[in-house]
Amino acid sequence: MTWINAIVQGMLLGGIFAMAAAGLSLNFGVMRIANLAHGDLMILGGYVASVAAAHYGVPVPLTVLVSMTAVGALGYLVQRSLLDRAMGLGELTPMLVTFGISLIIPNVLVQVFSNDAQPLSTGSLGTASIDLGGGLAIGWFPLITVVAAVAVLTVLHLFLHRTQPGRIVRATADDRITVRLMGVDNRRIYALTSVIAFATVALAGALYTMRQGGVTPYEGQLTVLFAFETVIIGGLGSLWGTLAGGMVLGIAQSVGAQISPDLPLLAGHLVFLLILVVRPQGLFGRSVLA
């Protein structure tokens, strides 16, 4: 039962990994940009939610919407003012731009809020759990996170496959030159993609901060690593692969922790490397945004 509990807890942890990686998968699938600032944007989303609750009295559940709106708007500004220009200068330039953003965000947060943890409490919900018997319990909030991750991926899938703007996004990902010849402005599609990706990572950041009870400025350096591993394990461009990748990474870390408290990160990295060796395209590596 102990090992079953470790696997279950790993799946719950995988929900936050999948949520964090969804926007990264979308960004890479459409624009071929490896967003190195993704983890720091996630932490920024947590800070926005925390500040909205602590200083403006916004109810904690509504801080998620505030965070998604603010960071999504930032995504539009970053795309139109920086990334659009950078994408025309070569493949490495956008990555360097996101690297610069990843340096700016935590240093600004330190200057404004210091290095102390910024709290965001969910009250009794943070510790409430469902007792399944036999020493097995599922926390309500981790379960909510997994449900939210599945919901986000489902909405993204339906948007990409069932709506006209979503089909244009997929077409742009496949062949942006042909789409441009058909009269579609790539810049608008990229701006829409960035808004969705930034809003999604803000949601992940808010939920992550609620789950941890707080957030510090430099946590993004680790979360971006988890997000990249999740995307690569699942398969580049596969949204449902992102969910599977998050589960695999979460289970690896949880089982590693069961063996030794020093092993969670190492176990996750070893599984990531093993999948790269055995199946370099990832578990569900298929066509773009499948």
Side-chain angles (χ1 to χ4, degrees), residues 19-42 44-45 48 65-102 104-105 151-205 224 227-228 231 235-242 285-290:
M19 179 81 73
L24 185 65
S25 180
L26 185 64
N27 246 345
F28 186 85
V30 176
M31 295 182 288
R32 304 295 193 273
I33 292 178
N35 186 358
L36 300 182
H38 194 78
D40 297 287
L41 290 167
M42 177 177 166
L44 178 62
V48 172
L65 298 178
V66 174
S67 181
M68 292 177 67
T69 301
V71 179
L74 176 63
Y76 179 85
L77 293 175
V78 168
Q79 181 62 43
R80 295 309 296 263
S81 62
L82 295 174
L83 291 179
D84 274 344
R85 299 178 183 179
M87 290 173 68
L89 299 176
E91 295 182 355
L92 290 178
T93 308
M95 187 168 65
L96 294 176
V97 170
T98 61
F99 177 69
I101 295 173
S102 73
I104 292 171
I105 290 176
V152 166
L153 291 171
T154 300
V155 169
L156 285 176
H157 178 82
L158 293 175
F159 168 74
L160 290 169
H161 291 79
R162 301 293 179 86
T163 69
Q164 186 67 20
R167 294 188 182 99
I168 295 175
V169 168
R170 293 175 62 208
T172 303
D174 287 335
D175 192 341
R176 62 182 180 183
I177 295 177
T178 301
V179 170
R180 186 186 303 166
L181 291 174
M182 297 178 66
V184 176
D185 187 351
N186 288 353
R187 293 175 300 176
R188 292 185 179 182
I189 299 303
Y190 293 154
L192 173 62
T193 302
S194 290
V195 168
I196 296 173
F198 277 52
T200 301
V201 78
L203 172 60
V224 71
F228 270 103
V231 169
L236 293 174
S238 174
L239 290 176
W240 293 115
T242 300
R286 297 180 297 179
S287 60
V288 174
L289 299 177

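Throughout, numbering of the chain's residues begins at 1 and tracks the sequence.
Looking at Ser25, its side chain never comes within 3.5 Å of a backbone N or O of Ala21 through a donor-acceptor pair. Checked by atom type and distance alone, the side chain of Thr98 pairs as donor or acceptor with a backbone atom of Leu36 at under 3.5 Å.
A side-chain contact (heavy atoms from CB on, under 4.5 Å) with Val169 is found for one member of Leu192, Val184, Asp174 and no other, namely Leu192.
You'll find the side chain of Thr154 reaches within 4.5 Å of the side chain of Trp240, heavy atoms only. Side-chain contact check for Leu158 versus Thr163: every heavy-atom pair is 4.5 Å or farther apart. At a threshold of 4.5 Å between non-hydrogen side-chain atoms, the residues Val179 and Ile189 do not count as touching. Contact of the Asp40 side chain with the Ile101 side chain is not registered, since no non-hydrogen atoms from C-beta on lie closer than 4.5 Å. You'll find the side chain of Val201 stays beyond 4.5 Å of the side chain of Leu24, heavy atoms only. Counting only heavy atoms from C-beta outward, the side chains of Leu77 and Phe198 never approach each other to under 4.5 Å. Using a 4.5 Å heavy-atom cutoff, the side chains of Ser194 and Asn27 are in contact.
Distance check, rounded to the nearest 0.5 Å: OG1 of Thr193 to CG of Leu160 gives 8.5 Å. Of the inter-residue distances, the one linking Thr200 atom OG1 with Leu153 atom CG reads 9.0 Å to the nearest 0.5 angstrom. Here the CD1-CD distance, from Ile33 to Gln79, works out to 5.5 Å after rounding to the nearest 0.5 Å. One distance of note links CG of Asp185 with OH of Tyr190; it measures 10.0 Å at 0.5 Å rounding.
A 6.0 Å sphere centred on CD1 of Ile177 holds no more than 12 heavy atoms belonging to other residues, nucleotides or ligands. Counting heavy atoms of neighbouring residues, nucleotides and ligands inside a 6.0 Å radius, atom CG of Leu92 does not exceed 12 of them.
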